[in-house]
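Scope of the values below: all heavy atoms of this structure, side chains included, with no hydrogens, waters or symmetry mates. For clarity, every value in this text was computed on a predicted model and none was experimentally measured.
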Amino acid sequence: MTRRQSSFFRRGRWLPRFVPGLTALLLAVCLLPLLSATARAADPPPPSAPAARAAVAAMQPGWNLGNTYDAIPDETSWGNPPVTRELLRKVKSEGFRSIRLPVTWGVHQGAAPDYAIDPAWMAKVRQVVDWALDEDLYVMINMHHDSWMWVNNLSADHDAVLARYTATWTQIAAQFRDKPSKLVFESINEPTFSGTSGDDQNYRLLDELNTVFHRIVRASGGGNSDRLLVLPTLYTNADQGRLDALAAHLTALRDPMVVTTVHFYGWWPFSVNIAGYTRFDATSEKDLTETFDRVYNTFVAHGIPVIIGEYALLAYDHNRPGIIERGEQRKYFEFLGNYARERQLTSMLWDAGQFLNRSTLQWRDPELFAQIRSSWTTRSGTAAGDLLFLPKSGAITSRAITLNPNGTDFQGLRHGSRNLVQGRDYTVSGNQLTLTAAALTELAGDRTYGVNATLEAGFSRGVPWRIDVITYDTPVLSNASGTTSGGMTIPTRFRGDLLATMEARYDDGSNAGPANWTPYQQWDTAFSAYTGDSIKLTPDFANSLKDGSRVTLTFHFWSGDLVTYYVTRTGDTLTGTTA
């Protein structure tokens, strides 16, 4: 997880809802409308100019050049290769119409009072801007990780921070003042402030930053006199109080070429796999729709465009498969793309290298990207799951899968180049797709552990839905030992199955693990399963355990099977035994 991703849910949105426990969660949800009411703008801000609305619409869809010019200290420091023009051509060829170029300036600046930006660094940024504009892409540049590196000290060191912020944007504005109108400026990424008295002061500080940014850019002349400017909410989050505070600021600015931005990474428990939220379920869907509805009702309905400047899933990473199951990822992105379109929101995919391999210029998961791209224009049919588990031995029986047509029509099933025959291989009743025992027996073949066959469910629109036919047995875990400093590796024969989540409780029924407000611990924070031979408990999990108290672990697998395992900490040692 990047620094940018981890900071998003830590700063102001997610922890208040979950860390104190479920009671506090319910109270927070119930009180949120009352708490945010005081910050609401009395009247909606004036609409943006037609040119601003047209530009933001033309920026859809967008892509982030993440973990590159925002990386610390340099372009390749966070694992991505240097940017090439070929990369931008690839992005354009895949249907993107804009790029967001996050830039961290502070590590490339000289001392006060000039805070001069390194000319070589500025030249790099300018080159990428020029390449992108030459490819006819919109470009949005910003001030990125500076937000938590030094801008966040505005309350404690007001004059020095404001002087540096002013000097930085003065140089950026001068450098790009004559660029075409397809270059867009964003004032600050995910603004946060330390040592304040609360949101009222936070809002005042952000208003001050945005006002200074606005004044500098407009006063610099040239193309900046009416360049499209993008202002974020506090934390770039879409809680109603944040939206209302920004709406009030727009009313004060009265600039028709100013628009707004928020970020979205999904319902936090689902996006990181904690508290048992392993599926894109009704709760996750509701969180998304309510977020986009708030944004629409506050801004878009009043003629003010909104850019979802970053969207993805917090824990999605090609290097860490399994945190969020593949089919659940696809359902999330399918739904998000469609609902953003319905709410007229321009969306910009956060890609820190986990989607597009910048060395090969190939999508790491072409199937997932096809789902994302399809969502820009239409809906796709999905299903309750994409994994169909069959037993290793014994008779194979017919199996039903619930389809989610999403307004499309089911067209049929394919296995490779062969169309399965309705009535013989499968039947459809309403949204229930049932594969016959005979068809599944044929597809399972010799019933080797793992995926035996892959089916495609076709629909009248969008992309097909993949269904893997898997042979499995209940996984087998072995005794193990470990330490608080190194955690513990549990030898595991998965036998075709896949780990979904881990539940941890003491013998008295209380929760065990770092997230002691839920029995279902967070993937990577407490446990992981990235190899085919083991499940790993982290040092954080080990150190959170009570000395001498046995913990019962219940491993939940995607087949539906549960496996019980015991862990006891004795001093700095862990002992794991099978049930």
Side-chain angles (χ1 to χ4, degrees), residues 1-13 62-80 82-83 99-111 115-118 120-122 124-126 128-129 139-157 160-169 171-172 175 184-196 202 205-206 209-210 212-213 230-237 261-265 307-312 314 317 348-354 358:
M1 182 180 298
T2 66
R3 159 76 183 185
R4 194 225 53 73
Q5 290 175 325
S6 65
S7 65
F8 172 78
F9 64 85
R10 194 169 59 241
R11 291 200 308 266
R13 178 175 174 114
W63 178 83
N64 274 269
L65 185 63
N67 281 21
T68 302
Y69 290 119
D70 56 317
I72 301 167
D74 211 340
E75 177 183 8
T76 60
S77 298
W78 288 356
N80 282 310
V83 179
I99 68 165
R100 181 169 179 259
L101 182 57
V103 183
T104 299
W105 303 93
V107 290
H108 303 280
Q109 283 184 291
Y115 298 105
I117 297 171
D118 178 10
W121 183 249
M122 182 67 85
K124 278 189 174 186
V125 176
R126 186 176 62 245
V128 174
V129 169
V139 187
M140 185 163 78
I141 62 175
N142 73 356
M143 181 181 287
H144 206 76
H145 292 304
D146 306 86
S147 62
W148 57 262
M149 294 179 70
W150 56 272
V151 175
N152 63 318
N153 292 321
L154 182 60
S155 174
D157 195 13
V161 170
L162 201 62
R164 186 174 183 180
Y165 183 82
T166 299
T168 305
W169 267 113
Q171 293 172 80
I172 299 169
Q175 183 69 218
V184 178
F185 291 159
E186 177 188 17
S187 63
I188 188 80
N189 174 71
E190 296 182 359
T192 181
F193 303 102
S194 57
T196 66
N202 291 333
L205 293 172
L206 180 56
L209 281 183
N210 283 334
V212 169
F213 161 76
V230 182
L231 302 184
T233 59
L234 184 66
Y235 310 120
T236 323
N237 129 332
T261 184
V262 297
H263 295 171
F264 188 77
Y265 283 90
I307 299 170
I308 307 294
E310 297 178 13
Y311 78 92
L314 284 172
D317 190 331
M348 307 187 86
L349 181 68
W350 176 260
D351 190 353
Q354 75 271 42
R358 298 184 198 166

Practice task
Check W121 against D74 and note the closest heavy-atom contact, atom names and distance.
Solution key: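 W121 and D74 have their closest heavy atoms at CZ3-OD1, 3.3 Å.
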Exercise for the section: Apply the test side-chain contact (heavy atoms from CB on, under 4.5 Å) to residues I307 and E186: give CA-CA distance (whole Å), side-chain angles for both, the deciding distance (0.1 Å), then the verdict. Expected result: CA-CA 11 Å; I307 299 170; E186 177 188 17; over 6 Å; no
Problem - Side-chain heavy-atom pair W350, H263 within 4.5 angstrom cut-off - result: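 A side-chain contact under 4.5 Å is absent here.
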Problem - With N210 via side-chain hydrogen bond (donor to acceptor under 3.5 Å, both in side chains) - residues at least two apart - result: S187
Handout entry: Partners meeting ring pair (Phe, Tyr, Trp, His ring centres under 6.0 Å) with F213 (sequence neighbours left out)
Key = W169
Exercise for the section: Report the residues that fulfil ring pair (Phe, Tyr, Trp, His ring centres under 6.0 Å) with Y311, sequence neighbours left out, ordered by chain and then residue number. Expected result: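 With neighbours one apart ignored, the set is empty.
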Exercise for the section: Report the C-alpha separation of K124 and V83 in whole Å, then their side-chain angles, then the decisive distance to 0.1 Å, and conclude whether the side-chain contact (heavy atoms from CB on, under 4.5 Å) test is met. Expected result: CA-CA 9 Å; K124 278 189 174 186; V83 179; over 6 Å; no
Practice task
Check for a donor-acceptor pair, side chain of R358 on one end and backbone N or O of L65 on the other, with a separation under 3.5 Å.
Solution key: no
Exercise for the section: Nearest 0.5 Å please: distance from the OG1 atom of T192 over to the CG atom of L154. Expected result: 11.5 Å
Problem - Rounded distance (nearest 0.5 Å) linking atom CD1 of I188 with atom NE2 of H145 - result: 11.0 Å
Exercise for the section: Have a look at I308 and tell me which of T236, L349, T261, V262 forms a side chain to side chain contact (heavy atoms under 4.5 Å, CB included) with it. Expected result: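 Single side chain to side chain contact (heavy atoms under 4.5 Å, CB included) partner of I308 among T236, L349, T261, V262: V262.
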Practice task
Would you please test M149 and I72 for side-chain contact (heavy atoms from CB on, under 4.5 Å) and show each step?
Solution key: CA-CA 11 Å; M149 294 179 70; I72 301 167; 3.4 Å; yes
